[in-house]
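Count residues from 1 along the sequence.
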Amino acid sequence: MTILVDFGLLQGSTIDPTYLLVGHPTQGLIGTGRIAPEDVLADYSARLMSMQVQRTSTRRTGPVIEYNAGTASVTLLNDDGALDPYTLDAAGLVAPGAVMRIRKVHEGVTYPVFYGWVDSWIPEQRGPDHAVVIVNASDALSRLAGSRLAPLTAPVGDGEDTGARIHRILDWAGWPTADRLIDTGRSTLLPTQLGTDPLSVAQEVALNEIGDLYADAEGRIVFRHRHRLLTDTRSTTSQATFGSGPGELRWVDSLGLSHDRGALINRVTATVDLEDAVPQTASDTASIDRYGVYPHEETLQLETNDEAAGWASYVLRQNHLPEFRVTSMVVDVRVDPAALFPQVLGRDFGDRVTVVRRPPGGIVDAREVFVRSIEHTWSPPDQWRTSWELQPADRYLFMTVGHPSMGVIGENALAY
């Protein structure tokens, strides 16, 4: 099993002055340098003893998903002492803050797994002649969260779409243009003075858009507008079926299942952040009569009351009733490496897959879900397990012209 682990520890005085150089007084600042190409990183793959990568998310409200900073932890063999902080310091190298990249090679294809920066580099002696280094890193979202920039003296960006606002925030933070994948937004916003940290400001924009903001496995900041779930093939068409029947890929352990009122919202009030704004409320009377009131209120940066009303209706539709749902799934690639590796390595946030369960009684329950969190763990010689947190996709059946199941007049609601 080929897992590639690279670090930017061998950067020296002859490095291209346009590259980001950790610890350098002028090249060590976000926005001053750009991410270095592959040949600047040093290969430490032969020392790898174990690995864990976590790219997770949290439901903020209704269909609004907020992605957390991704993290990775690797254990490296250090019996020769070459990676001890004492040795690195003597060589003029600084481990914390260095780039860490993880990739997996499968059948000639190299898949990105993680790209981030070292947070800690801790030596551990496990015997008289046996030592390791435990390295923890976090991805691009963590770097945005760590920036503290002063607010602007005057508001800017009145009427710009949410994608343009994300670009403005990343410019403000000095994030390289080449390391962005930003959609044009579907909603427009009030002016901003930015302020606080770039990640918090950007996540508020994603909340207003009801879009996805995350760092991908290659170190890029990604912003998907909300209609991507309705138009992108990877989100509209199931990319694989997991179950126990013929032709289905296998999951292991037990599926995560939930059937409760934990996500129920049946009255949503959205208010534009203006003095004369009129609160916009969307509610489901039948749900309230049956379950009682489950309210949610949000102050938004959208431009108009009409946009706030659309936001409230969209959130209400996704969560106005309790739902039996598949919440998580675990895949052990040893069951079928040829079929499972391309799936666990090729899926990203918002990808649609089908999960089939067969409880007693002859039931065949197939549900389409979106991938919302990804965790990989590896230990030698070949134990690779991937866990996904999942979100039901069945409430995203909005009108999509030309789609066989989502383009039926009278059956599919109009999307916000």
Side-chain angles (χ1 to χ4, degrees), residues 29-32 57-69 139-216 220-228 268-281 296-315 349 416:
L29 305 175
I30 293 178
T32 302
S57 68
T58 304
R59 181 199 293 268
R60 180 158 175 172
T61 181
V64 181
I65 304 296
E66 186 170 282
Y67 292 93
N68 307 312
D139 69 13
L141 292 191
S142 178
R143 291 181 82 80
L144 292 182
S147 300
R148 291 293 183 270
L149 303 175
L152 304 177
T153 56
V156 295
D158 188 15
E160 67 186 356
D161 69 77
T162 50
R165 180 64 56 83
I166 294 292
H167 274 301
R168 182 184 294 278
I169 294 165
L170 295 178
D171 290 344
W172 178 56
W175 191 259
T177 303
D179 299 317
R180 311 177 189 181
L181 294 175
I182 310 299
D183 279 346
T184 299
R186 305 294 298 186
S187 294
T188 54
L189 301 172
L190 296 170
T192 179
Q193 286 183 270
L194 300 174
T196 69
D197 65 274
L199 180 60
S200 296
V201 181
Q203 287 175 333
E204 285 300 309
V205 175
L207 168 70
N208 281 262
E209 172 67 35
I210 315 183
D212 292 336
L213 175 76
Y214 58 88
D216 71 9
R220 300 171 297 191
I221 301 294
V222 179
F223 176 68
R224 298 178 85 206
H225 64 61
R226 61 180 174 273
H227 286 185
R228 286 294 186 186
V268 182
T269 300
T271 307
V272 175
D273 192 14
L274 291 172
E275 290 185 6
D276 59 349
V278 178
Q280 303 296 305
T281 299
H296 179 77
E297 298 183 4
E298 199 75 55
T299 300
L300 301 171
Q301 299 301 309
L302 298 172
E303 279 197 291
T304 67
N305 290 327
D306 286 345
E307 283 199 272
W311 190 97
S313 296
Y314 188 93
V315 171
F349 300 137
Y416 158 61

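Contact between R224 and F349 at its shortest, heavy atoms only, is NH1-O, 3.8 Å. Listed here is the closest heavy atom pair of I210 and P63: CG2-CG, 4.1 Å. Among all heavy-atom pairs drawn from A215 and D139, the shortest one is CB-OD2, 3.5 Å. Contact between V156 and R168 at its shortest, heavy atoms only, is CG2-NH1, 3.5 Å. Of all heavy-atom pairs between L300 and A270, the closest is CD1-CB, 3.7 Å. L190 approaches R165 most closely through the heavy-atom pair O-NH2, 2.6 Å.
Once rounded to the nearest 0.5 Å, the distance linking CG of L189 with CD of Q301 reads 7.5 Å. L141 CG to I221 CD1: the interatomic distance, rounded to the nearest 0.5 Å, is 5.0 Å. Taking CH2 from W175 and CD1 from I169, the interatomic distance works out to 14.0 Å, rounded to the nearest 0.5 Å. Rounding to the nearest 0.5 Å places CD of E66 at 8.0 Å from CG of L207. Note: E303 CD to E160 CD = 9.5 Å, rounded to the nearest 0.5 Å. A distance of 7.5 Å separates CD in Q280 from OG1 in T271, rounded to the nearest 0.5 Å.
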Donor-acceptor pairs under 3.5 Å, side chain of residues 196-204 to any protein atom, not counting sequence neighbours: which ones?
from, atom 1, to, atom 2, distance (Å)
D197, OD1, S200, OG, 2.8
D197, OD2, L199, N, 3.2
D197, OD2, S200, N, 2.8
D197, OD2, S200, OG, 3.2
Q203, NE2, Y67, O, 3.4
E204, OE2, R60, NH1, 3.1
E204, OE2, R60, NH2, 2.4

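Using a distance-only test at 3.5 Å, with no hydrogens or angles considered, a donor-acceptor pair links the side chain of E209 to the main chain of R186. Formation of a donor-acceptor pair under 3.5 Å by the W172 side chain with backbone atoms of P151 is not found in this model. In terms of modelled atom types and a separation under 3.5 Å, the side chain of R180 and the main chain of I166 share no donor-acceptor contact. Remark: side-chain polar atoms of T304 are paired, donor with acceptor, to backbone N or O of E307 under 3.5 angstrom.
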Before giving the answer on side-chain contact (heavy atoms from CB on, under 4.5 Å), spell out for S187 and N208 the whole-Å C-alpha distance, their side-chain angles and the decisive distance to 0.1 Å.
CA-CA 8 Å; S187 294; N208 281 262; 5.9 Å; no
Residue pair T269, T281: steps toward the side-chain hydrogen bond (donor to acceptor under 3.5 Å, both in side chains) verdict
CA-CA 4 Å; T269 300; T281 299; 3.0 Å; yes
For the pair V222 and D212, evaluate side-chain contact (heavy atoms from CB on, under 4.5 Å) and give the outcome as yes or no after the intermediate values.
CA-CA 8 Å; V222 179; D212 292 336; over 6 Å; no
List the steps, then state whether side-chain contact (heavy atoms from CB on, under 4.5 Å) holds for V205 with T192.
CA-CA 11 Å; V205 175; T192 179; over 6 Å; no
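Counted within 6.0 Å of CD on Q193, heavy atoms from surrounding residues, nucleotides or ligands total more than 12; the atom is thus considered enclosed.
Shown here are the salt bridge (charged side-chain N to carboxylate O under 4.0 Å, His left out) partners of R228, two or more places apart in sequence or in another chain: D183, D232. For F223, there are no ring pair (Phe, Tyr, Trp, His ring centres under 6.0 Å) partners, not counting sequence neighbours.
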